[in-house]
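Scroll down for the structure; my scribbles are underneath it.
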Amino acid sequence: MKILIIAAIAVYLIGVLIIGFIYSKNNDSTEGFYLGGRKMGPIVTAMSAEASDMSSWLLMGLPGVAYAIGICDAAWTAIGLAIGTWLNWLLVSRRLRRYSSNLGAITVPDFFSKRFHDNKNIINAIAAFAIIVFFVPYTASGFAACGKLFNSLFGVDYMIAMVVSALVIIAYTIMGGFKAVCTTDLIQSIVMTIALCVVLVFGITTAGGINAVIDNGKSLAGYFSLTATHNPVNNTANSYGLITIISTMAWGLGYFGMPHILVRFMAIEDEKKLVLSRRIASIWVVIAMTAAICIGVVGLGMTKAGKLDNLADSETVIINIAKLISENGAIASVVAGVILAGILAATMSTADSQMLAAASSASENIIQDFFGVKLTKKQSLIIARIAIIVIALIGIVIARNPDSKVFNIVSFAWAGFGGAFGAVMLLALFWKRTNLAGAIAGIITGASTVFIWKFAVRPLGGIVDIYELLPAFLVSLFFTVAVSLITKAPSEEIMAEFEASKKGQ
C-alpha cells in the first residue's frame, strides 16, 4: 500500500521537475522568467491563478475548519472569496494587463513605480519589502502542509518531509520560472479537482450515505448554522454575529492585492481572452471550495460512523480519508496517492508562485531599481534564483513547528497583501487623481494596520474582534485618498497614460 502511494506521489514530483527542466531552456530574459513573455493562454492563466490562490488551505485548512466547528466560518469565508475572485477578474484583470503592458512593468512594485513616475523607486522598494515580509510566512504555510502530509501518512520526521518537499519546489521554480510555474499550476489544479471529487464520493459512501452525514450534522448544536459555530467541547452553539460575518467575507478584498494572482493578469497573451479566464476561474473556485467544506462535514460523519478516528488535528482530515481509500486494494492505493499528490499540488502551486513573486521583488525592485545596481540579464536571473533559495530557507525556519496551523498562517499573510495593496491597486487603476504620496501612504498604513490590529487590537475582543484585513483595507483606502487630495496632483503625462490604459490605446 505504502509503496504504491509513494510511487504515485513520486511520478507526480518527477513530472513537475521535468516541466521545470523543459522550460529552463526558454528563460533568457527577466520578462520571460517572471511573466512568461506575456504569452500565457486563457485556460492556463485562469487555472494557474486559482491554483496559486487556493494553496494547501483549500485541501487542509478549509475542510479542517468545517470538521472542527461546522460550516459557518468556512462558508462565509468561501462566499467572500468567491465574490472577490469574480470581481478581481471583472474589474482588475483587463485594466492591469493593458496598463502594465503600456508601461512595460513586469512586477506589481514595478507597476506602482511606473504608474506614478517614481524616479527614486521609493514605492518600488516599499512594495517589494512588503511582498517579501508577507510572502515568507505564506510560503512557510505550504511547507508546513507538506510536513504534516508525510508525517501523518508515513510517520516520516516532520522536518525531513518539509525540507525535501521544499527542495522539489525550489528546483522546478528556479529552473523553469513563470512558464514552468503556470504549467505545473494547471496540472496541479486538475489533480486537486480529482482529489476533491474522489474523497467526497468515498467519504459519503463510507459514512453511510448523505442522509447519515446530514443527520450527524443536525445533531450538533450550531453545526449547520450560518449564524453560529459549533462548540465540540460541550455541544453548544457560539454566536456568529453580523460584524463577524462581514469581517469574514472581507477575505474577498484580499484578491485586489495578491501579487502572485495579479501577475497572472499581466502575463496573458491577449486581454480579450480574460473573459474566458474569468468564467473558468469563477466556476472552478465555487465548486472547489464547496467540495472542500463538504469534505470537512463528511469527515465528521465518518468519525461518527466509526470509520475515521476522532482527529486531534482537523486539518489532516483528507489525509486520513486517503489512508482509508488505500486499504481497498492496489488501484485504490494509487488513487490515494493521487489524492495526496493533490495536497502537494495545492501546496506547491502556491509556494512556487510566492517564491517567484518575492524573488522578483528582491532582484528587480530592491537590488536593481532602488539601490541602482546594474545587472546583466544573466546576473539578474542568478540573483532571482538565489533569492528564491533564501526565501525558502526562511520559510522552513518559520514552519519548523509541526503544530502550526495552515489556516492561521495563511489568513495573516492574506490580510497583509489585501491591506497593503488592495485599495492602492484599485485606486491606481480607476482613480486618476491618485498620486505617489497617496499610494505610499496607503501601502504603509495598510500593512501597519494588519500588524497592529492582529496583535494589539483584536485580542481586546468584543466589537473589535474582526479579521484584520477589513480595517487594514479601509485605513489604506482612507489614507491613499486623503494624502492624494492634499498633495500635488499627478502630472499631465501621468494623466495621459491613465486615460490611454482606460481607452485601450
Side-chain angles (χ1 to χ4, degrees), residues 49-50 52-55 57-58 61-62 76-93 96 108-109 111-112 123 126-139 141 244-265 281 285 289 350 353-354 357-358 361 407-430 434 439-455 457-458 466-481:
E50 299 318 312
S52 65
D53 160 25
M54 287 294 122
S55 77
W57 173 87
L58 176 67
L62 201 59
W76 287 118
T77 300
I79 291 170
L81 289 172
I83 295 172
T85 297
W86 181 74
L87 289 175
N88 201 28
W89 283 96
L90 179 68
L91 300 176
V92 175
S93 63
L96 180 59
V108 171
F111 168 73
F112 285 140
I123 194 172
I126 293 172
F129 180 74
I131 286 174
I132 294 171
V133 167
F134 290 113
F135 261 149
V136 168
Y138 211 149
T139 303
S141 72
T244 307
I245 290 173
I246 293 173
S247 75
T248 303
M249 288 183 67
W251 273 76
L253 294 173
Y255 278 110
F256 303 124
M258 294 295 141
H260 58 302
I261 297 174
L262 296 173
V263 76
R264 262 72 180 171
F265 303 157
V285 160
M289 290 192 296
T350 302
S353 301
Q354 293 161 349
S361 295
F407 189 92
N408 293 339
I409 298 175
V410 170
S411 73
F412 177 71
W414 188 268
F417 288 120
F421 301 128
V424 176
M425 177 58 73
L426 289 174
L427 291 170
L429 293 174
F430 294 100
T434 312
I440 291 175
I443 293 174
I444 293 175
T445 57
S448 301
T449 301
V450 170
F451 282 95
I452 295 170
W453 202 276
K454 171 72 173 179
F455 299 108
V457 179
R458 194 172 183 182
I466 59 177
Y467 184 33
E468 53 271 17
L469 173 52
L470 180 57
F473 184 92
L474 294 176
V475 167
S476 175
L477 180 65
F478 172 80
F479 275 96
T480 305
V481 172

Checklist entry - Of the non-hydrogen atoms in Gly446 and Ser476, which two are nearest, and what is the gap between them? => result CA-CB, 3.9 Å
Next on the checklist: Are Phe111 and Leu429 packed together at the side-chain level, in the sense that at least one heavy-atom pair is separated by less than 4.5 angstrom?
Outcome noted: yes
Checklist entry - Can you check whether Ile131 reaches Phe417 side chain to side chain, under 4.5 Å on heavy atoms? => result yes
Checklist entry - Got Phe421 and Met258 here, is their nearest side-chain heavy-atom distance under 4.5 Å? => result no
Checklist outcome for this item: Value for CE (Met249) from CG (Leu469), rounded to nearest 0.5 Å, stands at 12.5 Å
Checklist outcome for this item: Of all heavy-atom pairs linking Ala415 and Glu468, the shortest is CB-CG, 3.6 Å
Item to check | Nearest non-hydrogen partners of Ile123 and Ala439, listed with the distance | outcome: CD1-CB, 3.5 Å
Next on the checklist: Is any side-chain heavy atom of Phe479 closer than 4.5 Å to one of Thr449?
Outcome noted: no
Next on the checklist: Looking at every non-hydrogen atom in both residues, tell me the closest pair between Thr434 and Leu427 and how far apart they are.
Outcome noted: OG1-O, 3.1 Å
Checklist entry - Quick one: CD1 on Ile261 to CG on Leu96, what's the gap to the nearest 0.5 Å? => result 12.0 Å
Next on the checklist: Show every side chain to side chain donor-acceptor pair (under 3.5 Å) that has at least one partner inside residues 79-90, sequence neighbours left out.
Outcome noted: Glu50-Trp89, Thr85-Tyr255
Checklist entry - Within a strict 4.5 Å, meaning less than it, do heavy atoms of the Phe478 and Thr445 side chains meet? => result no
Item to check | From Ile83 atom CD1 to Leu90 atom CG, the distance as rounded to the nearest 0.5 Å | outcome: 13.0 Å
Item to check | For Leu470 against Ala250, the heavy-atom pair lying closest together | outcome: CB-CB, 3.8 Å
Item to check | Pair Tyr467 and Phe473, ring centroids less than 6.0 Å apart | outcome: no
Item to check | Note, Leu426 side chain near Val92 side chain (heavy atom, < 4.5 Å) | outcome: yes
Item to check | Taking every non-hydrogen atom, the tightest pair across Ala127 and Ile443 | outcome: CB-CD1, 4.3 Å
Checklist entry - Are any of the side-chain heavy atoms of Trp414 and Leu81 separated by less than 4.5 Å? => result yes
Next on the checklist: Determine whether Phe112 and Ile126 satisfy the following criterion, side chain to side chain contact (heavy atoms under 4.5 Å, CB included), listing intermediate values before the conclusion.
Outcome noted: CA-CA 10 Å; Phe112 285 140; Ile126 293 172; over 6 Å; no
Item to check | Thr77 and Met289, any side-chain heavy atoms less than 4.5 Å apart | outcome: no
